[in-house]
Amino acid sequence: MSRIGNKAITIPAGVEVEVKAGNEVTVKGPKGTLTRKFSDIISIEIENGVITVKRPNDEKRTKQLHGTTRALLANMIYGCNTLFTKTLKIVGIGYRAALSGKKLTLNVGFSHPIEFTVPDNLEVTVPDNTTITITGIDKQVVGQFAAEVRSKKKPEPYGGKGIRYSDEVVRRKEGKTAAAKK
């Protein structure tokens with residue numbers, strides 16, 4: 001039994017959810033609009049401001065779709081009501097980030113700066129030169145862009161230098177000792 005799929009989703013005030021034919025769901029909120037098509041196997045019902053997701057049988061594939069559909073719907077509603085945010089920290093001497101228009105430029109120890117074009121549905125801010133904040137209504141897009149930025153210089157375990165999530169804990173290693181044995 002899917003525990004996540006059986007939870008009901010309450011629609012907050014100011015958010016409109018519309019289910020069209022073919023399980024195409026449109027969520028409109030104060031922050032924006034998201035549309036997604038879900039599998040026809042799963043039924044999505046709205047009653048009195050509460051969304052329930054139901055499955056027709058107990059096959060493994062149907063159970064998987066049940067929980068996934070409910071989670072994606074909940075994320076769409078949350079994103080349209082309050083934005084998703086990822087914060088990245090840059091650690092290292094001389095490592096910095098800069099934002100000019102829709103271009104994010106990173107200087108992270110390479111001979112050349114790395115440039116990213118910020119997608120239209122995201123908002124990227126650089127409060128100081130070692131912090132990057134990514135916000136948007138789509139959780140997948142926010143997480144994907146943050147992962148792409150982080151992948152250019154992952155934090156290394158010896159010096160701790162690199163790009164990391166603000167809540168990420170990097171396990172540090174001791175490294176080699178320079179003691180000479182005689």
Side-chain angles (χ1 to χ4, degrees), residues 2-5 7 9 25 27 29-39 60-61 63-181:
S2 174
R3 293 180 180 161
I4 293 174
K7 287 184 180 177
I9 305 168
V25 178
V27 179
K31 305 294 183 185
T33 303
L34 287 174
T35 303
R36 180 178 228 131
K37 178 157 177 26
F38 293 101
S39 174
K60 184 176 182 181
R61 172 93 174 118
K63 286 181 179 181
Q64 292 167 345
L65 280 174
H66 187 215
T68 302
T69 302
R70 191 260 177 217
L72 290 173
L73 262 172
N75 285 339
M76 287 172 65
I77 291 170
Y78 180 84
C80 288
N81 195 27
T82 59
L83 298 173
F84 286 102
T85 303
K86 289 270 187 184
T87 305
L88 299 172
K89 289 285 192 187
I90 301 173
V91 178
I93 297 174
Y95 288 12
R96 63 187 176 277
L99 185 70
S100 60
K102 284 287 193 178
K103 289 271 189 214
L104 176 66
T105 306
L106 300 176
N107 292 322
V108 286
F110 297 118
S111 61
H112 58 283
I114 300 170
E115 290 188 349
F116 290 97
T117 303
V118 178
D120 293 332
N121 52 357
L122 290 182
E123 184 180 327
V124 176
T125 57
V126 182
D128 58 81
N129 59 4
T130 60
T131 306
I132 303 167
T133 305
I134 304 164
T135 56
I137 62 172
D138 193 350
K139 186 175 186 177
Q140 193 273 328
V141 175
V142 171
Q144 181 66 36
F145 188 72
E148 287 173 7
V149 170
R150 182 183 177 275
S151 72
K152 296 304 174 187
K153 191 73 168 187
K154 291 182 182 173
E156 51 100 7
Y158 295 103
K161 298 190 301 185
I163 302 171
R164 63 179 79 171
Y165 297 112
S166 62
D167 57 351
E168 181 179 6
V169 176
V170 177
R171 291 185 64 193
R172 300 290 297 270
K173 293 184 179 179
E174 187 176 327
K176 295 182 181 179
T177 56
K181 294 184 178 181

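Every value quoted in this text rests on a predicted model; they were computed, and no experiment measured them.
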query: Taking atom types as modelled, is there a side-chain donor on K31 or T82 under 3.5 Å from an acceptor on the other?
result: no
Interatomic spacing from [atom1] in [X] to [atom2] in [Y] - rounded to 0.5 Å:
X: T105; Y: H112; atom1: OG1; atom2: NE2; result: 11.5 Å
X: L34; Y: D138; atom1: CG; atom2: CG; result: 5.5 Å
X: H66; Y: S39; atom1: NE2; atom2: OG; result: 12.0 Å
X: E115; Y: S100; atom1: CD; atom2: OG; result: 7.0 Å
X: Y95; Y: I163; atom1: OH; atom2: CD1; result: 9.0 Å

Taking every non-hydrogen atom, the tightest pair across [X] and [Y]:
X: G32; Y: C80; result: O-SG, 3.5 Å
X: S151; Y: E148; result: OG-O, 2.8 Å
X: V126; Y: A97; result: CG1-O, 3.8 Å
X: R70; Y: I4; result: CD-O, 3.0 Å

- request: Among I134, T133, I132, T135, find the residue that satisfies the side chain to side chain contact (heavy atoms under 4.5 Å, CB included) test when tested with T125.
  value: T133
When you compare the side chain of [Y] with that of [X], does any pair of heavy atoms fall below 4.5 Å?
X: V91; Y: T130; result: no
X: I114; Y: F110; result: yes
X: N121; Y: I137; result: no
X: L122; Y: D120; result: no
X: I90; Y: L106; result: yes
X: T35; Y: V25; result: no
X: T117; Y: K103; result: yes
X: R164; Y: L88; result: no

Expected output: side-chain R96 to main-chain N129 donor-acceptor under 3.5 Å: no
- prompt: When you measure from the side chain of T131 to the backbone N and O of P127, does any donor-acceptor pair fall under 3.5 Å?
  reply: no
- request: Identify whether NZ of Lys or CZ of Arg in K86 sits under 6.0 Å from the centre of the six-membered ring of Y165 and within 45° of that ring's axis.
  value: yes
- prompt: Is the NZ or CZ atom of K102 both under 6.0 Å from the centre of the six-membered ring of F116 and within 45° of that ring's axis?
  reply: no
query: Under 6.0 Å from the NZ atom of K176, do we count more than 12 heavy atoms belonging to anything else shown?
result: no
task: Please check if atom NZ in K153 has more than 12 non-hydrogen atoms from other residues, nucleotides or ligands closer than 6.0 Å.
output: yes
message: Check this for me, if you would: do R150 and E168 make a salt bridge, where the nitrogen-to-carboxylate-oxygen distance has to be below 4.0 angstrom?
response: yes
- prompt: Between Y78 and F84, how do the two ring planes meet: parallel, tilted or perpendicular, split at 30° and 60°?
  reply: tilted
